[in-house]
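Naming: A, B, ... by sequence-line order, numbering from 1 per chain.
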There are 2 protein chains.
Amino acid sequence: MQSFTEENYLKIIYHLSETSNNVQTNAIAEQMQTKPASVTDMIKKLADKGFVDYIKYQGVTLTEKGKNAAIDIVRKHRLWEVFLVDKLNFKWDEVHDVAEELEHIKSVALIERLDEFLGFPKSDPHGDPIPDKNGRFAKTQFTKLIDLKIGDSGTITGVSQHSSAFLKHLEKLGLTLGKQIHINDVTDFDGSVEISVNGKQINISREVAKHILISNNGKN
Amino acid sequence: MQSFTEENYLKIIYHLSETSNNVQTNAIAEQMQTKPASVTDMIKKLADKGFVDYIKYQGVTLTEKGKNAAIDIVRKHRLWEVFLVDKLNFKWDEVHDVAEELEHIKSVALIERLDEFLGFPKSDPHGDPIPDKNGRFAKTQFTKLIDLKIGDSGTITGVSQHSSAFLKHLEKLGLTLGKQIHINDVTDFDGSVEISVNGKQINISREVAKHILISNNGKN
DNA sequence: AAAATTTTTTAGATTTACCTAAAAATAAAA
DNA sequence: TTTTATTTTTAGGTAAATCTAAAAAATTTT
Ligand SMILES: [Mn+2]
Ligand SMILES: [Mn+2]
Ligand SMILES: [Mn+2]
Ligand SMILES: [Mn+2]
């Protein structure tokens with residue numbers, strides 16, 4: 001049984017593992033909003049408990065055990081997000097902080113019944129996949145909107161930035177999950193993108209385009 | 001913002017306040033499953049923060065602030081219990097431990113929307129009243145089944161013992177909330193009580209009868 | 001390859017919530 | 001009213017998770 005803190009470390013190491021194979025101390029410290037010295041302490045503890053493989057100065061890698069533990073927390077986090085949006089009418093930009101707390105509730109029965117109550121959802125309000133109770137989930141193939149070419153089109157199926165500010169902005173622009181978009185033009189001056197959505201033509205900044213994930217995209 | 005531990009102390013002091021005016025160190029220690037010395041430490045901290053009035057060797061009393069904080073936690077605990085039973089099909093003997101964790105989730109929006117989602121329930125699965133968002137609730141008048149006389153009848157509206165063993169036992173006997181009962185006889189030998197419920201006649205021990213709460217009782 | 005920079009680790013403290021053992025205060029019994 | 005028993009507090013310490021400052025290792029730049 002892990003502490004809240006250990007669980008948070010595991011989850012962050014898991015997410016950082018998606019980008020780089022060896023997760024660095026400083027990267028963890030930044031995500032955990034703590035100091036590198038504290039991370040080193042915790043890393044040693046997680047290594048002792050068999051959650052990570054650790055070589056001094058070489059960063060950490062999750063063991064199978066560590067990966068399973070992390071996926072379990074991700075599953076809880078995302079299921080609770082679905083609950084908050086589907087049942088309690090939270091907006092997609094309001095759920096993250098509450099889910100950060102709820103993900104630590106320890107009860108296998110609770111999460112299995114919640115999963116059933118929600119109809120075994122496959123993805124959370126941000127388009128992220130929800131692992132099943134065995135930790136399995138489909139690794140979805142996304143293209144960043146910024147990487148599409150003029151004339152391409154596709155469906156918004158995820159976001160790679162979960163800040164409330166970003167999500168509210170998307171909402172205001174009408175860029176929500178499931179929406180069909182088409183790339184009309186890319187501005188030379190600032191790299192901003194002209195897209196069609198909801199029958200209207202809008203302009204979004206490079207920064208926004210970077211964090212919108214597209215699937216079913218028909219190349220031109 | 002209080003820690004989980006502080007919240008647990010406040011809730012326990014609140015419940016103990018229902019019986020005695022000045023809550024004793026040892027009583028708190030027993031409920032918290034900790035040592036009296038630890039309780040003294042925490043009491044000082046709670047007094048510093050203005051949650052309790054404390055005079056050395058004289059026990060503690062909740063301040064208005066402390067009482068409000070405690071009621072808020074009780075409200076969360078009971079609402080989550082309703083959620084677990086009504087929405088996730090938990091039995092009334094399975095909810096307590098999970099609610100002990102859920103009651104500490106800190107989000108005003110969450111608990112207000114949960115309350116609404118549940119239809120603003122007035123009592124929890126054990127018959128205990130749920131305070132509204134202003135901390136108000138009807139103090140219900142219960143009679144212990146053990147205090148009824150032969151010929152009396154009434155409705156089961158609560159229990160004063162929440163252990164899983166006790167609740168499972170009641171379930172098996174058909175003694176659930178809302179059931180009509182009638183006192184047929186009291187055994188001289190062991191003080192056990194002969195009652196009618198569901199058209200059947202059953203015998204329950206004094207110990208069980210002590211912890212069943214009856215309302216709408218028609219005296220004979 | 002040497003120097004400069006960045007990353008990571010160690011050393012030593014702090015805070016919170018505990019603990020045990022012993023002293024002090026209060027309450028109950030003789 | 002002593003004596004005895006119970007309750008409560010103090011004193012001193014531990015473990016988890018954090019911190020700052022400084023040393024050590026690794027990486028990058030010159
Ligand atoms: Mn989230
Ligand atoms: Mn999410
Ligand atoms: Mn309960
Ligand atoms: Mn209850």
Side-chain angles (χ1 to χ4, degrees), chain A residues 1-17 19-62 66 69-70 73 100-101 103-104 106, chain B residues 1-17 19-62 66 69-70 73 100-101 103-104 106:
Chain A
M1 190 96 309
Q2 315 102 44
S3 69
F4 281 28
T5 312
E6 285 167 12
E7 290 189 346
N8 285 330
Y9 270 93
L10 287 174
K11 195 178 62 164
I12 277 167
I13 294 169
Y14 174 76
H15 286 313
L16 289 169
S17 301
T19 332
S20 54
N21 216 301
N22 267 47
V23 180
Q24 303 198 116
T25 304
N26 268 359
I28 299 171
E30 195 188 345
Q31 293 291 311
M32 283 293 296
Q33 308 207 73
T34 187
K35 305 288 158 174
S38 305
V39 173
T40 301
D41 286 345
M42 180 56 81
I43 277 174
K44 284 178 183 166
K45 190 174 162 193
L46 292 175
D48 281 350
K49 293 195 176 185
F51 289 113
V52 297
D53 290 325
Y54 169 54
I55 306 164
K56 266 190 196 178
Y57 292 99
Q58 301 305 125
V60 290
T61 322
L62 287 173
I73 301 157
E100 279 303 316
E101 295 191 47
E103 71 190 3
H104 301 292
K106 281 162 191 63
Chain B
M1 191 96 307
Q2 314 101 44
S3 69
F4 281 27
T5 312
E6 285 167 12
E7 290 189 346
N8 285 330
Y9 270 91
L10 286 174
K11 195 178 61 162
I12 277 166
I13 295 169
Y14 174 76
H15 286 313
L16 289 170
S17 301
T19 332
S20 55
N21 215 300
N22 268 48
V23 180
Q24 301 197 115
T25 305
N26 268 0
I28 299 171
E30 195 190 341
Q31 292 292 310
M32 283 293 297
Q33 307 207 74
T34 186
K35 305 289 159 175
S38 304
V39 173
T40 302
D41 286 346
M42 181 56 81
I43 277 174
K44 284 178 184 167
K45 189 173 160 192
L46 293 175
D48 280 350
K49 292 193 176 188
F51 289 113
V52 297
D53 290 324
Y54 168 55
I55 306 165
K56 266 190 193 177
Y57 292 100
Q58 302 303 128
V60 290
T61 322
L62 287 173
I73 301 156
E100 279 301 316
E101 294 191 48
E103 71 189 2
H104 301 293
K106 281 162 192 64

Starting at atom [atom1] of [X], determine the distance to atom [atom2] of [N], rounded to an integer number of angstrom.
X: Asn26(A); N: dT9(C); atom1: CG; atom2: C1'; value: 11 Å
X: Ile55(A); N: dT8(C); atom1: CD1; atom2: C1'; value: 14 Å
X: Asp41(B); N: dT9(D); atom1: CG; atom2: P; value: 10 Å
X: Ile43(B); N: dC18(C); atom1: CD1; atom2: P; value: 13 Å
X: Asn22(A); N: dA26(D); atom1: CG; atom2: P; value: 14 Å
X: Lys49(A); N: dA15(D); atom1: NZ; atom2: C1'; value: 12 Å

Give a yes/no on whether any side-chain N or O of [X] is located under 4.0 angstrom from OP1 or OP2 of [N].
X: Ser3(B); N: dT16(C); answer: no
X: Thr40(B); N: dT10(D); answer: no
X: Gln24(A); N: dT8(C); answer: yes
X: Lys44(A); N: dT9(C); answer: no

Counterpart residues, side-chain contact (heavy atoms from CB on, under 4.5 Å), relative to [X] (two or more places apart):
X: Ser38(A); result: Tyr9(A), Thr34(A), Lys35(A)
X: Glu103(A); result: Asn8(A), Lys11(A), Ile73(A), Lys76(A), His77(A), Glu100(A)
X: Ser17(B); result: Ile13(B), Val23(B), Leu62(B)
X: Ala37(A); result: none

### Task
Tell me, please, which residues at least two apart from Glu101(A) pass side-chain hydrogen bond (donor to acceptor under 3.5 Å, both in side chains).
none
### Summary
Contacts of Gln24(A) meeting side-chain hydrogen bond (donor to acceptor under 3.5 Å, both in side chains) (sequence neighbours excluded), chain-then-number -> none
### Summary
In short, Ala29(A) meets Pro36(A) closest at the heavy-atom pair CB-N, 3.7 Å
### Contact summary for Ala69(B) and Leu10(B), nearest pair of heavy atoms
CB-CD1, 3.9 Å
### Message
Per the salt bridge (charged side-chain N to carboxylate O under 4.0 Å, His left out) rule, what does the pair list look like for residues 49-60 of chain B, sequence neighbours excluded?
### Response
Glu6(B)-Lys49(B)
### Message
I'd like to compare against my own output: the B/S/- annotation of nucleotides 22-27 of chain C with a strict under-4.0 Å heavy-atom distance to protein.
### Response
--BSS-
### Message
Taking salt bridge (Lys or Arg N to Asp or Glu O under 4.0 Å) as the definition, give me every residue that meets it alongside Lys44(A), ordered by chain and number, with sequence neighbours left out.
### Response
none
### Task
Could you identify which residues of residues 4-13 of chain A place a heavy atom less than 4.0 Å from some atom of DNA chain C, listed by residue number, or say none?
none
### Message
Let's see if you get this right: which residues in residues 27-35 of chain A place a heavy atom under 4.0 Å from DNA chain D?
### Response
Thr34(A), Lys35(A)
### Query
Do Tyr54(A) and Thr40(A) have side-chain heavy atoms sitting under 4.5 Å apart?
yes
### Query
With sequence neighbours left out, what residues match Tyr57(A) under ring pair (Phe, Tyr, Trp, His ring centres under 6.0 Å)?
none
### Query
The side chain of Pro36(A) lies closest to which of these nucleotides: dT8(D), dT9(C), dT7(C)?
dT9(C)
### Query
Of the candidate nucleotides dT9(D), dT7(C), dC19(C), which contains the atom at the shortest distance from the side chain of Ser38(B)?
dC19(C)
